[in-house]
Amino acid sequence: MNILFELKERLHQSAMAGTDLLNEDFRLKKIAEQIKPLSAKNSVFKRISERLEELFNADNNDKPTKLINAISLVDAVVVTQSTYKKDGAVSEIPQNNSIFVYNEISYNHLKPIIDIFKNRNFNKINAFMKYLYYSIKEDYEKSEEFKIIIDFRMKKYLISAIGKEKDFYSMFSRNIINFTNDKKLISDLKNNFSNNKNISYYIKKQILKKRIISIIFKEFDISSYKNF
Amino acid sequence: MIKITKEQLTKLSPNLTAVSNGKKISDKGGFVSLYKTEDESMIFGECSGSGKSNYRTSVDFIDESNPVFRCSCPSRQFPCKHGIAIIFDWLAKKDFKIAEIPEDILQKRNKQAAKKEKQAEKSVETATVTKPKKTNTSAAKKKAQKQLEGLQVAEKFVNDVMRQGISALSGASLSVYSDLVKEMGNYYLSGIQSIIVEINYLAQKLSDNNENIDEVLNQIRETLFKLHATIIRCKDYLNDKIENNNFEPSLDVMYEKLGNVWKLELLKQLGSIKKNARVLQLNFNVEFLEAQKTYLDIGYFVDLDNGEISKTVNIVPIKSIKFIKRDDSTFSVINIPEMCYYPGEINKRIRWDSFTVSEPTKEDYCKVRSFARDNLAECIKIVKNQFKNILSDKTVVMLVKYDMIGKTSDNKIVLKQGDETIELLARANCDNSVETLLLLDNSKWKNNGVITLEFWLDTAQNKIYAMPLSIVTENQIIRLFY
């Protein structure tokens, strides 16, 4: 197999350098010589050997096509030898209880929200949060925005949106996360604030506006989230 | 009884803005009167608008798979926001009084029914299967010969690049390639044109002093070889047509590679069709092709009869984005009277026009799970067989059973099936679905499950990986994308 990979590498190099320089490629010729004896034992190597012969014997006008033919064959053979197994013992992934759930939310509804958090577009985050606040206030069970914000696919983007910004809506995201009692998430947040020693202060801190939001969340029994 | 879901309504609507506007009208109580027929085959009403008089809107469900929207508003959108709004009112279970169908709408309905009856009689009279349109042989031959000329030009381009060397591609030659792209259009070779656009784009990346120069060069090499293989196969295809003087379309992948577009009618005539199909979506995502500046809305579906996994592909060039309706995730079972297949390999492309939807049941999810493959080595064999063909898709999607998803000592996430293992890894330029999977409460999926995997080949390492797309439980399909 090693010789096959070597041949593939050399042929690719020839394609990079161009067929005008092929006659000077002694390394390719050397590998072709090494393959010849193998062709007696194996039909695949026989075909490869034949293609290489055609390449070396072709005139300059035909060399490009012959080189492509040789590479195509070798590439196809190499693919059939591709591996897939992962060596080593496989151990269990620790249990990760999380209040973030899966909701059936379509691409056209979920993607725009993911993008605004991913790109940390705080103007749009603000607008979304206002909409979220009012829709939760009205009827959180029917709130599409609430379903989005507690969907597990949003989790990493909520973390990424919380940077060193002390913006109200970043804090709001943290409040939602705080309600999850998700220890791993809290530790991820702490890792984000490498310069900030008082992270627990920021998580616990409630100012008036934020308190309104947290009161709304406290109106809901946390276990009821699991019914979504 | 009217059966329509919000999802179906979104699919019928011209765009999301119309849906949003319709919802607003419904939320504000725009309809001053709402009626339904006694048999609930039609809903209608009057909606206040910007004009002096109210708009009269109706939706006729006499043919459930093709509801007919009518409205007296001046909008040219179809259905208009009023038609969408009245459906939202229906879904919100607002009070619809029973009434007779208005005379003018009844006349339109009768006219349409008569037209349909006439069409049905005509198709019974002529043939069970409609004969294909007769091809103009001399025009087709002329076109084929022109295309062959174009293929010679494209082949010369490939030979020139191979002679000088791929690493010699540079900014100086890019204007030449742009001219070549335009030239391919003149030869009716839009498929070849698209591949050269990609090479041009990659060559531009080289000129931009990209850090990953080796990677870009490898991509150019692969694309160039794909171009060469396409040229050779197209030449054989066209020469065969000319030799046999037979230009009737046939189910051949080269038809599309040349740049032709399959029409549903043609696929039906060629028999590439399944009647009464029922499919359920496993995953939806949108990819962006940088070189062609085109979005691909891709949905993978499993056939509830035989477990075949096929895909829908909605092609949306950026310049046409305002005019083409986008696809979206769908969570219902889609019931399709006539589902057409494009020629292809394992995950064939499918398309349909009319359909109805129904709620998936526990039996449906169990059926999907039963289709999962329990022999990973066999899966890999099938995958390798596809990957070795240069013109084939470079991904294969399958449903796979597993004993466990765990991690190795070097923190790689691995799927285990008996003694077989495969590393779960997202493709480049895709969202990291492995990371997403780990965010989900793993009591739902870590052991003895069924997963939708997209197999792909890392050519640099010559290793096959699997990107997880969704987990199939007994009650739902948990999507890692959309």
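Side chains are part of it too, since the values below use all heavy atoms of this structure and drop only hydrogens, waters and symmetry mates. In what follows, every chain begins at residue 1, and chains take the letters A, B, ... in the order their sequences are listed.
Of all the listed residues (Ile114(A), Ile71(A), Val77(A), Asp75(A)), the one sharing the greatest number of non-hydrogen pairs under 4.5 Å with chain B is Ile71(A). Chain B forms the most heavy-atom pairs under 4.5 Å with one residue out of His109(A), Gln81(A), Arg153(A), and that residue is Arg153(A). Per-residue counts of heavy-atom pairs under 4.5 Å with chain A were compared for Met404(B), Glu435(B), Arg479(B), Gln164(B); the largest is that of Arg479(B). Heavy-atom pairs under 4.5 Å with chain A peak, among Phe481(B), Phe284(B), Tyr465(B), Phe331(B), at Phe331(B). Taking Thr421(B), Thr408(B), Leu438(B), Thr330(B) one by one and counting their heavy-atom pairs under 4.5 Å with chain A, the maximum is reached by Thr421(B). Comparing Gln461(B), Arg163(B), Met162(B) by how many heavy-atom pairs each has under 4.5 Å with chain A, the most go to Arg163(B). Ranked by heavy-atom pairs shorter than 4.5 Å toward chain A, the options Val414(B), Ile478(B), Leu457(B), Asp328(B) are led by Asp328(B). Among Asp87(A), Leu67(A), Leu22(A), Val78(A), the residue making the largest number of heavy-atom pairs under 4.5 Å with chain B is Val78(A). Counting heavy-atom pairs closer than 4.5 Å to chain A, the top residue among Ile422(B), Thr436(B), Leu224(B) is Thr436(B).
Other residues, nucleotides and ligands contribute at most 12 non-hydrogen atoms within 6.0 Å of the NZ atom of Lys46(A). For Asn448(B), the CG atom counts as densely surrounded, since its 6.0 Å shell holds more than 12 non-hydrogen atoms of other residues, nucleotides or ligands. The number of heavy atoms from other shown groups lying within 6.0 Å of NZ (Lys394(B)) is above 12. In the displayed structure, Lys226(B) atom NZ is contacted under 6.0 Å by at most 12 heavy atoms of other residues, nucleotides or ligands.
Lys63(A) does not touch chain B: none of its heavy atoms, backbone or side chain, sits under 4.5 Å away. In this structure, chain A has no heavy atom under 4.5 Å from any part of Arg326(B). When heavy atoms are compared at a cutoff of 4.5 Å, Ile477(B) approaches chain A solely by way of its backbone atoms N, CA, C and O. Interface remark: Ala377(B) contributes backbone and side-chain atoms alike to the contact with chain A (heavy atom separation under 4.5 Å). Interface remark: Asn69(A) contributes side-chain atoms only to the contact with chain B (heavy atom separation under 4.5 Å). For a residue to count as touching a neighbouring chain, one of its non-hydrogen atoms must lie under 4.5 Å from one of that chain's; by this rule Asn61(A) touches chain B with backbone and side chain alike. For chain A, the nearby part of Asp431(B) is the side chain; its heavy atoms alone come within less than 4.5 Å. Proximity to chain A (any heavy atom under 4.5 Å) is shown, for Phe455(B), by neither the backbone nor the side chain. Ala17(A) touches chain B through its backbone: at least one of N, CA, C or O sits under 4.5 Å from a heavy atom, while the side chain does not. Contact annotation for Glu423(B): both backbone and side-chain heavy atoms come within less than 4.5 Å of a heavy atom of chain A. For Arg221(B), the part lying under 4.5 angstrom from a heavy atom of chain A is the side chain only. For Thr459(B), the part lying near chain A is the backbone, with the side chain staying farther off; criterion is any non-hydrogen pair under 4.5 Å. Of the two parts of Lys463(B), the backbone and the side chain both hold a non-hydrogen atom closer than 4.5 Å to a non-hydrogen atom of chain A. With a threshold of 4.5 angstrom between heavy atoms, Lys66(A) does not approach chain B through any atom at all. Heavy atoms of Leu217(B) lying under 4.5 Å from chain A belong to its backbone as well as its side chain. Lys446(B) touches chain A through its side chain: at least one heavy atom from C-beta onward sits under 4.5 Å away, while N, CA, C and O do not. Neither the backbone nor the side chain of Leu21(A) comes within contact range of chain B; no heavy atoms are under 4.5 Å apart. Looking at Ile220(B), neither its backbone nor its side chain comes within 4.5 Å of chain A, counting heavy atoms on both sides.
Electrostatic pairing of Lys407(B) and Glu92(A) does not count as a salt bridge here, judged by no charged N lying under 4.0 Å from a carboxylate O.
Aromatic ring orientation, Tyr295(B) versus Phe288(B): tilted (interplanar angle from 30° to 60°).
Using non-hydrogen atoms only and a strict 4.5 Å limit, the part of residues 378-392 of chain B facing chain A consists of Ile380(B), Lys384(B), Phe387(B), Lys388(B).
Listed for the Asn462(B) side chain is no donor-acceptor partner under 3.5 Å among the backbone atoms of Thr83(A). Looking at Asp62(A), its side chain never comes within 3.5 Å of a backbone N or O of Ala58(A) through a donor-acceptor pair. In this structure, Trp456(B) contributes its side chain and Leu425(B) its backbone to a donor-acceptor pair below 3.5 Å. Using modelled atom types, no side-chain atom of Thr395(B) and backbone atom of Glu454(B) make a donor-acceptor pair closer than 3.5 Å. Looking at Asn442(B), its side chain never comes within 3.5 Å of a backbone N or O of Trp445(B) through a donor-acceptor pair.
We find the CD1-NZ distance between Ile3(A) and Lys8(A) to be 15.5 Å, quoted to the nearest 0.5 Å. Taken to the nearest 0.5 Å, the CG atom of Asp441(B) stands 11.5 Å off from the CG atom of Leu439(B). Here the CG atom belonging to Leu28(A) is positioned 6.5 Å from the CG atom belonging to Leu52(A), to the nearest 0.5 angstrom.
Taking the six-membered ring wherever Trp is involved, the centroid distance between the rings of Tyr107(A) and Tyr482(B) falls below 6.0 Å.
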Asp410(B) vs Lys86(A), test: salt bridge (Lys or Arg N to Asp or Glu O under 4.0 Å). Steps then yes/no.
CA-CA 11 Å; Asp410(B) 55 350; Lys86(A) 177 66 186 162; 2.9 Å; yes
One pair to check against salt bridge (Lys or Arg N to Asp or Glu O under 4.0 Å): Asp151(A) and Lys147(A). What are the steps and the verdict?
CA-CA 6 Å; Asp151(A) 189 283; Lys147(A) 283 186 191 167; over 6 Å; no
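Between the side chains of Arg27(A) and Gln13(A), no donor N or O sits under 3.5 Å from an acceptor N or O. A donor-acceptor pair shorter than 3.5 Å can be found between the side chains of Ser14(A) and Asp25(A).
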